[in-house]
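One structure is given here, and the rest of the page talks about it.
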Amino acid sequence: GEAGEANPPRTDESEVVAKEKAETPELPVLNVDEATRSVVAPPGEAGEADPREADDYPLNVLVGSSLPVQAMQHMSPGVARGMLRTLVISMLRRDDELRLTDEVQAQYAQRPEDGGWKLRVTQRVQARVVREHGFAGRAAEREGLGLLWSASYLFPNDEGVTGAAHYLKYNVNADCPLPVPSEVPDVPLRTPPAGDADPGRTSLHQEVEKADHTVLLAGSHT
């Protein structure tokens, strides 16, 4: 220093480091499960349940083979759930938007009675949707499609999710109104046409009598 001024006391470097460590809050350590590459939160305070252990925590059913899901697995449960819901709604809206474009509607119309063709058109649309939302690569694309297809399962009774796509908002599927056990009504049925022949007429009871065990499957395509 200048003449007559005392030099400031020298501080040992180890003392500075020790002081900084003491003033820095300790961060929780994340334990990564090597088998699933999923992030497990450290135990909470006594008596607090980890939201990740709940049956309805949506990220529990996702493997984490895509960057979007991997990022959410590192977030707190509340933030991750909100981010996943936002992502699902965005994908559903984009899927709905693309299906209603003139281009895609023209593709559906090329083979209006071919369910397999319509399914392939829809699959191409949805593959584009998930790629646009960051699911790049075959494994990641599969996870994105699974997420899109499982929207109602992951967020049941969520009006924001069901209202994001026409096919969810107006889905007529519902729980079976017949309790177990109960007698199944004799529903009139048509058999598939063979060649140019007209569909045959039958009924559910007539078909059930032909076998010891019967599994009923029903579906539709649009």
Quiz prompt | Set of salt bridge (charged side-chain N to carboxylate O under 4.0 Å, His left out) partners for Arg124, sequence neighbours left out | solution =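 Checked Arg124 against salt bridge (charged side-chain N to carboxylate O under 4.0 Å, His left out); zero matches.
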
What residues form a side chain to side chain donor-acceptor pair (under 3.5 Å) with [X], not counting sequence neighbours?
| X | answer |
| --- | --- |
| Thr86 | none |
| Ser150 | none |
| Gln123 | none |

Quiz item: Going from OG on Ser152 to CG on Asn157, what distance comes out if it is rounded to the nearest 0.5 angstrom?
Solution: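 Going from the OG atom of Ser152 to the CG atom of Asn157 covers 9.5 Å.
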
Quick one, [X] and [Y] - any side-chain contact, counting heavy atoms below 4.5 Å?
| X | Y | answer |
| --- | --- | --- |
| Arg111 | Lys118 | no |
| Arg94 | Gln126 | no |
| Asp114 | Tyr108 | no |
| Arg138 | Glu143 | no |
| Val88 | Leu148 | no |
| Ser203 | Leu189 | no |
| Leu84 | Leu147 | yes |
| Phe155 | Thr162 | no |

With sequence neighbours excluded, tell me which residues meet side chain to side chain contact (heavy atoms under 4.5 Å, CB included) with [X].
| X | value |
| --- | --- |
| Ala139 | Ser65, Arg142 |
| Arg131 | Ala127, Arg128, Glu141 |
| Arg190 | Pro199, Arg201 |
| Pro185 | Leu178, Val187 |

Quiz item: Would Leu100 and Asp96 satisfy side-chain contact (heavy atoms from CB on, under 4.5 Å), going step by step from the backbone distance to the final call?
Solution: CA-CA 6 Å; Leu100 297 177; Asp96 203 51; 4.2 Å; yes

Check the hydrophobic clustering (I, L, V, M, F, W, Y; side-chain heavy atoms under 4.5 Å; chains of links allowed) and say if [X] and [Y] are grouped together.
| X | Y | answer |
| --- | --- | --- |
| Val69 | Val79 | yes |
| Ile89 | Tyr167 | yes |
| Leu119 | Trp117 | no |

Practice problem: Apply ring pair (Phe, Tyr, Trp, His ring centres under 6.0 Å) to His166 and list each qualifying residue two or more places apart in sequence or on a separate chain. | Solution: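 Checked His166 against ring pair (Phe, Tyr, Trp, His ring centres under 6.0 Å); matches are Tyr170.
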
Quiz prompt | Pairs touching residues 147-170 that satisfy salt bridge (charged side-chain N to carboxylate O under 4.0 Å, His left out), sequence neighbours left out | solution =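 Residue pairs passing salt bridge (charged side-chain N to carboxylate O under 4.0 Å, His left out), neighbours aside: Arg85-Asp158.
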
Quiz prompt | Note: Arg99-Asp95 ion pair, threshold 4.0 Å (strictly below) | solution =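 Salt bridge: yes.
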
Quiz item: Taking only residues at least two apart or on different chains, which pairs with a member in residues 128-149 satisfy ring-ring contact (aromatic ring centres under 6.0 Å, His included)?
Solution: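 Sorted pair list comes back empty.
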
Quiz item: If you look only at pairs with a residue in residues 173-194, which of them pass as a ring-ring contact (aromatic ring centres under 6.0 Å, His included), with sequence neighbours excluded?
Solution: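 As it turns out, there is no ring-ring contact (aromatic ring centres under 6.0 Å, His included) pair with a partner in residues 173-194 once direct neighbours are skipped.
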
Exercise. Could you give me the CA-CA distance, side-chain angles and deciding distance for Val104 and Thr122, then say whether side-chain contact (heavy atoms from CB on, under 4.5 Å) is met?
Key: CA-CA 9 Å; Val104 175; Thr122 300; over 6 Å; no

Considering all heavy atoms, the nearest [X]-[Y] contact:
| X | Y | value |
| --- | --- | --- |
| Met72 | Leu87 | CE-CD2, 3.9 Å |
| Thr101 | Leu98 | OG1-O, 2.7 Å |
| Leu92 | Ala151 | CD1-CB, 3.9 Å |
| Ala140 | Ser66 | CB-CB, 3.6 Å |

Quiz prompt | Under 3.5 Å: donor-acceptor pair, side chain of Gln107, backbone of Val121 | solution =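 Judged by distance alone, no pair lies under 3.5 Å.
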
